[in-house]
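Everything on this sheet refers to the single structure shown next.
In what follows, residues are counted from 1 in the order of the sequence shown.
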Amino acid sequence: MRLIKLKEVLHITGLSRATVYRFMAAGGFPMKVELGGNSVAWVESEVEDWINEKILKRDDEK
């Protein structure tokens, strides 16, 4: 299991910071993990699963 910081989440998803937090608030994106202090990260496999769900949804709509 690997934790990734926001910069990497933004890079691999192509989303903006505001969009990631908006999707999280709506329950449509993996939740962050509080690491202590002001440090947070995301579980890489959960972000990858979210991306894969988007791809599957796209393919199902064809």
Considering residues at least two apart in sequence or located in another chain, which fulfil the side chain to side chain donor-acceptor pair (under 3.5 Å) criterion with R22? T19
Once rounded to the nearest 0.5 Å, what's the spacing between atom CD of E61 and atom CG of D59? 9.5 Å
When the ring planes of F29 and W50 are compared, do they come out parallel, tilted or perpendicular, using 30° and 60° as the limits? perpendicular
Just do the side-chain contact (heavy atoms from CB on, under 4.5 Å) check on H11 and K7 with the steps written out, would you? CA-CA 6 Å; H11 177 74; K7 183 176 180 178; 5.9 Å; no
Considering residues at least two apart in sequence or located in another chain, which fulfil the side chain to side chain contact (heavy atoms under 4.5 Å, CB included) criterion with L56? none
Non-neighbouring partners of V40 that pass side chain to side chain contact (heavy atoms under 4.5 Å, CB included), sequence neighbours left out: Y21, K32, E34, W42
Can you sort out the partners of K5 under side chain to side chain donor-acceptor pair (under 3.5 Å), two or more places apart, ordered by chain and number? S39
Give me the other members of the hydrophobic cluster that V43 sits in, counting Ile, Leu, Val, Met, Phe, Trp and Tyr linked by side-chain heavy atoms under 4.5 Å, directly or via other members. M1, L3, V33, L35
Within residues 39-50 or reaching into it, pairs that qualify as salt bridge (Lys or Arg N to Asp or Glu O under 4.0 Å) - sequence neighbours excluded: R2-E44
Among residues at least two apart in sequence or on other chains, which ones pass side chain to side chain contact (heavy atoms under 4.5 Å, CB included) with L10? L6, R17, V20
Partner set under side chain to side chain contact (heavy atoms under 4.5 Å, CB included) for N38, not counting sequence neighbours: none
Tightest non-hydrogen contact, residues T13 and V9, listed as OG1-O, 2.8 Å
